[in-house]
Every structure is written in C-alpha cells, then in structure tokens.
Amino acid sequence: MAPVNSNDSARLAQVERYRKSGALGGEKLVRFVNLTASIFGFENALISTHHEHLQICHVRAGKLGATLPRERTICRVPVESGETLVVHDLTKDERFKDIPEVVGNPSLRFYAGAPLIAPSGHCIGALCLLDTKPRQFSHKDTQLLTELACFAIEHMELVRVTEEAKYDPLTGLRNRPFLLAAIQASIDAGNASSVLLIDLDGFKEINDSLGHACGDEALTEVAERLGEFAGDCRVIARLGGDEFVIFLDGEADPIAASKVARAVVARLAEPFTVRGYVVHFGASVGVALRTVEAEAIQILGNADLAMYQAKQEGRNCYRHFTRDMRNVALERGNVVLEMQDAWEGGSFELYYQPIVRLSDGAWTGAEALLRWNYPYRGVLPPAMFLPILEKSHLAVDVGGWVIDEACRQVAIWRKRFAPDFKIAVNLFALQFNCQTLVDRVCGALARHGLPPAALQLELTERIILAEDPRILEQVRQLRAMGVGIAFDDFGTGFASLAALRHYPVSCIKIDRSFISGIGGSAADRTIVNSLIGLSRSLSLETVAEGIETSEQRAIMAEQEGLDAQGFLFAKPQPASLLEAVWSCQGDEFEAKLRA
C-alpha cells in the first residue's frame, strides 16, 4: 500500500496513537524482531518510528540502531516512499555515503528497510535489517521483508485497537467495560476497595441551552478535573452520559473515601468557560465500600443507590451506601413488578371526583383519578404507588390508557346527563418524553367523538420545573387545539407565577393547603383571594381544591364564578356509584355522596 499523500500532522497523529496504546513495544514485538533477524541470518534488526524531528528505535535485536535526527536517517526513504529500500553497500550510495553512521561509528554498510504502513494509509516507521559489512539481498528476500513488515503492523494495529477499546473516545478516560473488569479483578484478588459514582447536576441544561458540542467540551473539562484525583491504584472512568467513576483499589477507608468525594464535589462545582460562556454545575456522588460483594456490578449498583440518595437530599453532595438503601430499592422493584402484573391483568381503574359550581351546586366536570385494585388488599391509596409508577416504564402506557378511558367515560356522561361536561386528567412527566402525547390525545378525542374542550390536562409543578422546551411545545399544541390546560396545586411553589408567563394555562387549581386553613387564618384567606384575583385578571378558570366543611364552602362561595372539589361534595368513586346519584341536588345530593 502506498502511503497517504497528506501533511505530516495526520501521520504523526497515527504514530502517537500507536505509542499511547503501547503497540510499539512488548514481549511479542521483541520476539518478532528476533525472529526476523534469525530468518535472514542477521544479528541486527529493529523497528523504528518517525516522529516530527526524530527517528526512535523501539525494539531491536543486536546492538545497532539508535534514536537519531529524522533528516539524516536512512529509514526516511522507505517511510516517505512507502516502498521497501535495500542498499547492499551504503558507501556506494550517494544518498547515504556521507552520513555519520556510515562514515564513522558504527560504520554501517548494509541496510534493508520495509515501511510500516498503518490501515489508515500513513507510514509510521520501518522494519529494518542492518550490518557493518556489505550483504547480498535477493528480490525474494525483499518480498519476504515486506511481508514481515505487514505482519508487524497488523500486530501493532491489534494491540492499538484492543487498548483503545478500553478508553472512552470523548474524554480519554477508561470506559465502562474496563472499569468493570478492574473492579472484578480486585474482588477476585480479595482486595478492599471503594467506588465513587459521580453524576453531574445541571448538565442537561448545558446541552439544551448551548448545544451538544459545548456539552462534549464540558464533559472533557470534567474528565480533566477528575484526572487530578488519579493515583497508582485508582481507575477513573466514564460510565456514559454524564456519569463518572473513581475506583479506589486497595482503599476501603470511609473517612478517606469521604475526603475524596468531598474534594470531587468542590472541584466540579467550580465554574469554567466553554466557547465564551461561563458554565457551572454540581455533582452528586455515591460512595460504596466493598464488603461482601462478589460481583463488580453489585458494588457499582450500591454506589448508584447512594448517588441517587445524594440527589434526593439536595444534590451537590455525597452519600455513603447503606443496606437500607438496598432494601428500599428491592421494595421499589417489587412494586414495579406487581404494577406490571396489575397493568397486564386489568387491575388499574379510574375513580372520579366531581367538580362543582359553587353558585348552584351543579356538576361542571370531574377529575379522573387512577386507582389500583390490589388483590386481597383492596383499592390502594394513590401515595402507595403513584410516585413509583410515574417514574417507571409503565408511565407512558398507563397514562395513555387513563386519557382514553376518561374520554370514553365523559362521552357517555355528556350524552346521558350534561352535554358540556368536562373531564380532567393528570399527566405524568414521562408522557412528554416520547413525543407522542399530542397524537394520543387526538386519537382518544376522535375515537370517542369528543371536542377538545371536553378534556382538561393537569400539569404539576414538577413537570413545569423541568423547563423542557419539548414539554412546552407539546402543551402549546394541545392548547391550540382547544384542550384545557390546568396548573394543579397552584400557589405551593416558586414555579407558579413563572408558569403563567410561559405556559398557555386555561385553569388554575388552588391547592388544598390554602383552603384547609381559610376559616381560621387571615393570611390564607388573603392568599386565596389574591390567587382568585390573579386568575380572573388573566381570564382563567379557577377551581378550589380540598373543600371539606360547610364553612369552607360558604367562604369560597362568596367569590363569583368559582368551581370547587372536595370531600364535602364527594369522595373519588367509581363511575357507577356517581351515576346513581347524578340527578340529586342540594343538601340531599351532598348527603348521599358523603355516605
């Protein structure tokens, strides 16, 4: 193969890759050079590479061959031409007869060199035979030396590829397979060890706001900073995404591990500049010390649980793994498996709680609420499973089913009882991730012959706090169709007012925490009145949640155009029970629903 015609920088980059991977040395390459010398009956054979200014001899048989200035070497000819060079007597060749190695010590006379051409086409060096006396070298010998050079570069390439496969290509840190192998080797050797799993806080915002190229540069900066914690018995690796690991082989001191974790958190919290932008993020670190673990994935999983705990407790901190974390995770896993069975077995069902117009007690709509009818235990409280469900793989499918089932039910009620009746459905954050929410909503409305205004989708503050432009775009599409958008539990968090600026909200639902104290707290009453005034000024519908007493109802009824929900009117119930009392009105209506 002729060498690639390009500037020398690309060729030098290939030389550096082979050097860094260790492919230019090693026992096998030594044996190969010795074998080459033996095949041709020479004492001296070597493999050299050409750098910017030097020729470096890496492996040799015999005493000849040294590091020399590149311009005065014989090997530069086969390297530059890409063809094997044979000179039987160097003193008779005008190109080489005056170079110091021929005129003086060691008085070279014979040279044969075959180029080492990498698969990229760049010639990195040569496989050479040397002697201090003239030698004959046949055409067959020349072909054989050329073939041997091909075998040599194939070996180097194999070493390079194998070694580079142990590194993360973006950051240059060790990768996940290498890390797992290192941890397992340590476990098999009976060594004490510690794992620090590092997850960046705020990295997603850098990717979203500045782009993935800047995100990659930020990850490279993180890798450089983590490199400051390197040591002889430490492995620093990138697991993938924005997760990194520091493995302390032979170290299982919780105090020492805490010191490293604390320093990592502090170092990664320092701001830095990427393409002119000052960026900063924190790090949540999980620390796990090896005790009885027999598999690498176990200790890594322990560190992951500890890291998750650090995120739950405020981020930008570290936590040590405890056995309680494993028990909680197992319980959570069991619940997910049981929910999978419940989903496949049809054990999920919808309960409905009416939304009542305070001025006359008429139903204007209902909120659909997911319930799990658990075998032998009955209907489970939502708090026992919804926090797990909303983060599980079932969230999208179950959430889609809730929308469709709620639309089916409200279509029946609109025909049977009230043509303008509305249904409200709570959304999971994961329903936005797969970009199918708008299509699911359109499909449900079309299937059940409903106008978009019959459906209201409720957003929690957690969804809004994500500040994800993909979520906002889908919400805008739904609102443009005519679907109602409600902000649930309004007033409880700092995202409330910001949401009214950015999200096309059509309704706010005042959180029950303000309603519960409205009879005895002037502050709560003032806040509620302010929220209602704000809603009216923005021409939004308003629903007061959690009305449980006649006093609360009377106070809220002082406000015009207000709807309400709460146990005073009805607890969430299956559709069939609500239908049985649909036509009831006034006190008799309320008494029957509360019974």
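Note that the numbering runs from 1 along the sequence shown for the chain. Just so you know, these numbers use all the heavy atoms, side chains as well, and skip hydrogens, waters and symmetry mates.
- S284 and D201 are linked by a side-chain donor-acceptor pair at a separation below 3.5 angstrom, with hydrogens and angles left out of the test.
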Decide yes or no on side chain to side chain contact (heavy atoms under 4.5 Å, CB included) for V285 and L197, but give the supporting numbers first.
CA-CA 6 Å; V285 181; L197 195 152; over 6 Å; no
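- Looking at heavy atoms from C-beta onward, L196 lies out of side-chain contact with V245 at the 4.5 angstrom threshold.
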L369 vs L350, side chain to side chain contact (heavy atoms under 4.5 Å, CB included): CA-CA, chis, key distance, verdict:
CA-CA 5 Å; L369 299 163; L350 292 186; over 6 Å; no
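- Looking at E545 and K509, a side-chain N of the basic residue comes within less than 4.0 Å of a carboxylate O on the acidic one, giving a salt bridge.
- Ring centroids of W413 and Y352 are separated by less than 6.0 Å, placing the two rings close together.
- Counting non-hydrogen atoms of neighbouring residues, nucleotides and ligands closer than 6.0 angstrom, the NE2 atom of H393 exceeds 12 such neighbours.
- Salt-bridge formation is detected for the pair D397/R440: a Lys NZ or Arg NE/NH1/NH2 atom is positioned less than 4.0 Å from an Asp or Glu carboxylate oxygen.
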Atom pairs and distances, donor-acceptor, side-chain atoms in residues 425-434, under 3.5 Å, two or more places apart:
{"residue": "N426", "atom": "ND2", "partner": "E367", "partner atom": "OE2", "Å": "2.7"}
{"residue": "Q431", "atom": "OE1", "partner": "F428", "partner atom": "N", "Å": "2.7"}

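- The pair E579-R416 counts as a salt bridge, with a side-chain nitrogen and a carboxylate oxygen less than 4.0 angstrom apart.
- Summarising the geometry, atom CG belonging to D563 is positioned 9.0 Å from atom CD belonging to Q565; distances are rounded to the nearest 0.5 Å.
- Between D439 and C442, the closest side-chain pair of non-hydrogen atoms is not below 4.5 Å.
- Interatomic distance, CD of E221 versus SG of C214, reported as 13.0 Å (0.5 Å rounding).
- The SG atom of C507 sits 4.5 Å away from atom CD of Q456, with the distance rounded to the nearest 0.5 Å.
- Remark: R536 does not engage E541 in a salt bridge, criterion side-chain N to carboxylate O under 4.0 Å.
- Side-chain contact between E217 and V274 is present, with at least one heavy-atom pair separated by less than 4.5 Å.
- Residues Q309 and F321 form no side-chain contact, since every pair of their non-hydrogen atoms from C-beta on lies 4.5 Å or further apart.
- To the nearest 0.5 angstrom, L531 atom CG is 9.0 Å from T542 atom OG1.
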For a side chain to side chain contact (heavy atoms under 4.5 Å, CB included) check, start with the C-alpha distance between L219 and R238, then their side-chain angles and the critical distance, and finish with the verdict.
CA-CA 10 Å; L219 291 175; R238 180 188 179 206; 3.5 Å; yes
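- The closest donor-acceptor contact from the side chain of T549 to the backbone of Q552 lies under 3.5 Å.
- W401 and W343 have perpendicular rings, their planes meeting at more than 60° on a 0 to 90° scale where under 30° would count as parallel.
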Are F281 and F272 close enough, and set up right, to give a ring pair (Phe, Tyr, Trp, His ring centres under 6.0 Å), and what steps lead you there?
CA-CA 10 Å; F281 42 68; F272 56 91; 5.7 Å; yes
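- Using a 4.0 Å cut-off between a side-chain N of Lys or Arg and a carboxylate O of Asp or Glu, R447 and D404 qualify as a salt bridge.
- With a 6.0 Å radius and a threshold of 12 heavy atoms from other residues, nucleotides or ligands, E560 has its CD atom at or below the threshold.
- Between M556 and L358 there is a side-chain heavy-atom pair separated by less than 4.5 Å.
- Ring geometry, F385 versus W372: the interplanar angle exceeds 60°, so the pair is classed perpendicular (tilted spans 30 to 60°).
- Checked by atom type and distance alone, the side chain of N529 pairs as donor or acceptor with a backbone atom of R525 at under 3.5 Å.
- Judged by the 6.0 Å distance and 45° axis criteria, K571 is positioned over the aromatic ring of F567.
- Residues V195 and I183 form a side-chain contact, since some pair of their non-hydrogen atoms from C-beta on lies under 4.5 Å apart.
- Between E405 and R408, at least one side-chain nitrogen of the basic residue sits less than 4.0 Å from a carboxylate oxygen of the acidic one, meeting the salt-bridge criterion.
- Contact check on R176 versus E243 returns no salt bridge, with no Lys/Arg side-chain nitrogen under 4.0 Å from an Asp/Glu carboxylate oxygen.
- A donor and an acceptor atom, one from each side chain of D168 and T171, are located under 3.5 Å apart.
- In this structure, W363 and F421 have side chains that are in contact, with non-hydrogen atoms separated by less than 4.5 Å.
- For the pair V279/P271, no side-chain contact is recorded, criterion being any heavy-atom separation below 4.5 Å from C-beta on.
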